[in-house]
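Reviewing the structure listed below.
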Amino acid sequence: MKKLLIKNCRLRSGDLKDILISDGKFEKIADTIDAAGSAAEDVEVIDAGGNLVTPPFCDAHLHLDATLSVGKPRYNMSGTLMEGIQIWDERKVGLSKEIIKKNATDVIEWEVANGSTFLRTHVDSTDTTGVVVDALLEVRDEVKDIADLQIVAFPQDCIYTSDDGEKMLEEALEKGCDVVGGLPYFEYSPIDGYNDLKFVFDMAEKYDRLVDVHCDECSDDQSRYVEYMARETIVRGLEGRVAASHTTAMHNYDNEYAAKVISNIKRADMTIITNPFANANLQNRRDGYPRRRGHTRVDELLEAGVNICIGSDDIMDPWYPMGKGSPLAGANLLLNYAQISGYAQIPLLIDMITENPAKTMHIDGYGIAEGNPANMVILDVDSEFDAVRLTAEALYVIRKGRVISRTVPAKRELMRGDEKHDIDFKVTPENK
Ligand code: FE2
């Protein structure tokens, strides 16, 4: 395998380094590495030009079984989560494995082109035909050249509200799903909701799997399942293995109660996965005005030291009609929506799509360091600030030492009389 030398890489620390890759691993990272003396057929040289390089992005929350299905069989006219669930139930009837695989694979390719090669998707385990789970398990194998896909067995119609929910969830795990999911709030009653979580944790222990639950994804300030998740995590000794996705009800909790819950989430070493696109749209729709933001308490969780990740969640499906699989776009939206625009907070947004989800997903050898698998992205900007501001393009995506995606940035030319101005939205030293 040809060596790869990447010159002039701006690391997240701000340092400028050259990076040598051989046999799929980072061999050397140094101020200067010279390819002189090596035959051209032995070493490919890429000049990063001082641009920012990061480990690949990790999109920690997707629904690749439903993706690209917007409008099929009908559009969500109310924009609510409940209408989205109804539409998905209609779509599931007679859905073919080939269609699910095609849509999922296309979005995975979008994600990779945007710099994400580590993806976690939920898959509906309450589909009675089993086709949905089978489709994603096959896709996981088929995309290994470009991405690592982690699959959460997710009971979309709930474990006790659907028939045979327990059995179907366990079957999905036996088929090979990587993570156990749940949906306690949408069970018929709180008792069912707590039993939902108890079963999820039982399955995690029985099959030695990570946990990722759609938890408190509502506006109801009495939806308090994340508290129970923290309790189960601590009591069962599962610290570092459990994620709660959404937790939007937390936005509406009494402040005293929220402080207690956040403290226990930290003690349990749990991850909170926030999904800016869906959560900005689905929650608190009945508020009238003033309308609460319907988002979990990102700033307070950050202050408490909780591990937070950003997910795309829905990409062109019954719950959210937009999206293009860009974690940086999610970071940009979260900056605005959760008020994370303090200058020192911007690197935290990059953490939420790199290091934090890598920890949640238990990715081995993650990061740009000598000896690790050579996975990295070269962005079309020289700072984290501009990466978020411009939702920067991923010029190169490198996986195990191989370039798997290249992007040629758009070229914009503005005419001022006879004078041509190149426009790239970047600030220059002349801008004072
Ligand atoms: Fe979700």
Side-chain angles (χ1 to χ4, degrees), residues 61 80-86 88-89 122 124-126 152-170 179-206 211-236 238 241-268 270-275 278-279 282-287 292 294-297 300-301 306 313 319:
H61 190 120
T80 60
L81 192 153
M82 291 311 295
E83 187 176 346
I85 292 173
Q86 288 162 8
W88 173 241
D89 278 344
H122 295 251
D124 186 356
S125 68
T126 54
V152 186
F154 168 54
Q156 175 72 71
D157 291 338
C158 300
I159 297 171
Y160 299 108
T161 302
S162 59
D163 296 330
D164 291 328
E166 282 187 358
K167 184 165 162 277
M168 287 189 285
L169 183 59
E170 190 158 5
V179 184
V180 196
L183 188 58
Y185 179 73
F186 288 97
E187 298 280 7
Y188 283 135
S189 73
I191 291 171
D192 286 339
Y194 290 114
N195 283 333
D196 177 304
L197 284 179
K198 182 177 179 307
F199 186 73
V200 167
F201 277 86
D202 286 347
M203 291 297 100
E205 289 188 317
K206 180 175 177 181
V211 172
D212 189 342
V213 168
H214 279 66
C215 191
D216 304 321
E217 187 186 4
C218 59
S219 315
D220 179 358
D221 65 358
Q222 297 304 304
S223 182
R224 298 182 165 196
Y225 295 103
V226 71
E227 179 180 46
Y228 187 69
M229 285 189 72
R231 185 258 183 205
E232 288 297 290
T233 303
I234 294 166
V235 168
R236 296 181 191 235
L238 295 176
R241 299 180 62 80
V242 174
S245 286
H246 298 291
T247 66
T248 50
M250 191 190 297
H251 185 100
N252 302 342
Y253 288 167
D254 172 83
N255 286 329
E256 194 68 22
Y257 176 69
K260 175 212 161 190
V261 170
I262 289 171
S263 152
N264 286 347
I265 289 169
K266 172 63 181 167
R267 190 186 302 177
M270 283 173 60
T271 285
I272 299 293
I273 300 173
T274 189
N275 297 286
N279 296 156
L282 296 174
Q283 272 71 51
N284 287 321
R285 280 179 169 255
R286 290 191 178 89
D287 269 8
R292 294 166 292 182
H295 211 283
T296 197
R297 298 186 179 217
E300 292 184 3
L301 289 159
V306 173
D313 201 0
W319 295 275

### Message
Pair His214, His61 - check ring pair (Phe, Tyr, Trp, His ring centres under 6.0 Å), show working.
### Response
CA-CA 10 Å; His214 279 66; His61 190 120; 4.7 Å; yes

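- With hydrogens and angles ignored, the 3.5 Å screen pairs no side-chain donor or acceptor of Thr274 with any backbone N or O of His246.
- Using the six-membered ring where Trp is involved, Tyr225 and Tyr194 have ring planes that are tilted, between 30° and 60° apart.
- Checked against side-chain contact (heavy atoms from CB on, under 4.5 Å), Ala230 has the following partners two or more places apart in sequence or in another chain: Asn264, Ala268, Met270.
- Between Leu282 atom CG and Met82 atom CE the span is 11.5 Å, to the nearest 0.5 Å.
- Side-chain contact between His122 and Asp212 is present, with at least one heavy-atom pair separated by less than 4.5 Å.
- Judged by distance alone, the side chain of Thr247 and the main-chain N or O of Thr296 form no donor-acceptor pair under 3.5 Å.
- Remark: the backbone N or O of Arg292 is paired with a side-chain donor or acceptor of Asp287 at under 3.5 angstrom.
- Two residues are said to be in side-chain contact when any heavy atoms from C-beta on lie closer than 4.5 Å; Arg286 and Thr80 fail this criterion.
- Atom CD of Glu83 and atom CH2 of Trp88 lie 16.0 Å apart (nearest 0.5 Å).
- Under a 3.5 Å cut-off, the side chain of Asp196 and the backbone N or O of Gly182 do not form any donor-acceptor pair.
- Listed for the Glu187 side chain is a donor-acceptor partner under 3.5 Å among the backbone atoms of Ile159.
- Counting only heavy atoms from C-beta outward, the side chains of Met250 and Glu300 never approach each other to under 4.5 Å.
- Using a 4.5 Å heavy-atom cutoff, the side chains of Glu217 and Asn279 are in contact.
- Side chain of Asp216 to main chain of Val226: a donor-acceptor pair is present (N/O by atom type, distance under 3.5 Å, no hydrogens or angles).
- Across all their heavy atoms, Val213 and Pro184 have their closest contact at CG1-CD, 3.5 Å.
- Phe201 has its side chain within reach of Thr233: a pair of non-hydrogen atoms, C-beta onward, lies under 4.5 Å apart.
- Residues Thr126 and Thr161 form no side-chain contact, since every pair of their non-hydrogen atoms from C-beta on lies 4.5 Å or further apart.
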### Query
Glu232 and Asp202: side chain to side chain contact (heavy atoms under 4.5 Å, CB included), yes or no, with the steps?
CA-CA 10 Å; Glu232 288 297 290; Asp202 286 347; 5.9 Å; no

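- Of all heavy-atom pairs spanning Val180 and Val152, the tightest one is C-CG1, 3.9 Å.
- Annotation: salt bridge (Lys or Arg N to Asp or Glu O under 4.0 Å) contacts of Lys167 (sequence neighbours excluded): Glu171.
- The distance from atom OH of Tyr185 to atom OG of Ser223, rounded to the nearest 0.5 Å, is 6.0 Å.
- Of all the heavy atoms in Pro155 and Asp124, the pair that sits closest is C-OD1, 4.5 Å.
- For residues 248-266, the set of pairs meeting the salt bridge (Lys or Arg N to Asp or Glu O under 4.0 Å) definition, not counting sequence neighbours, comprises Glu227-Lys260.
- Within the 3.5 Å criterion, the main-chain N or O of Ala244 finds no donor-acceptor partner in the side chain of Thr271.
- Shortest non-hydrogen contact noted between Asp163 and Met168 is O-CE, 3.1 Å.
- The cationic atom of Arg297 (NZ for Lys, CZ for Arg) does not lie both less than 6.0 Å from the six-membered ring centre of Tyr253 and within 45° of the ring axis.
- Side-chain contact check for Gln283 versus Leu81: some heavy-atom pair is nearer than 4.5 Å.
- With values rounded to the nearest 0.5 angstrom, Ser245 atom OG is found 7.5 Å from Asp313 atom CG.
- With 3.5 Å as the limit, one finds no donor-acceptor pair spanning the side chains of Asn195 and Tyr160.
- For Arg285, the CZ atom counts as densely surrounded, since its 6.0 Å shell holds more than 12 non-hydrogen atoms of other residues, nucleotides or ligands.
- No side-chain heavy atom of Asp157 sits less than 4.5 Å from a side-chain heavy atom of Phe186.
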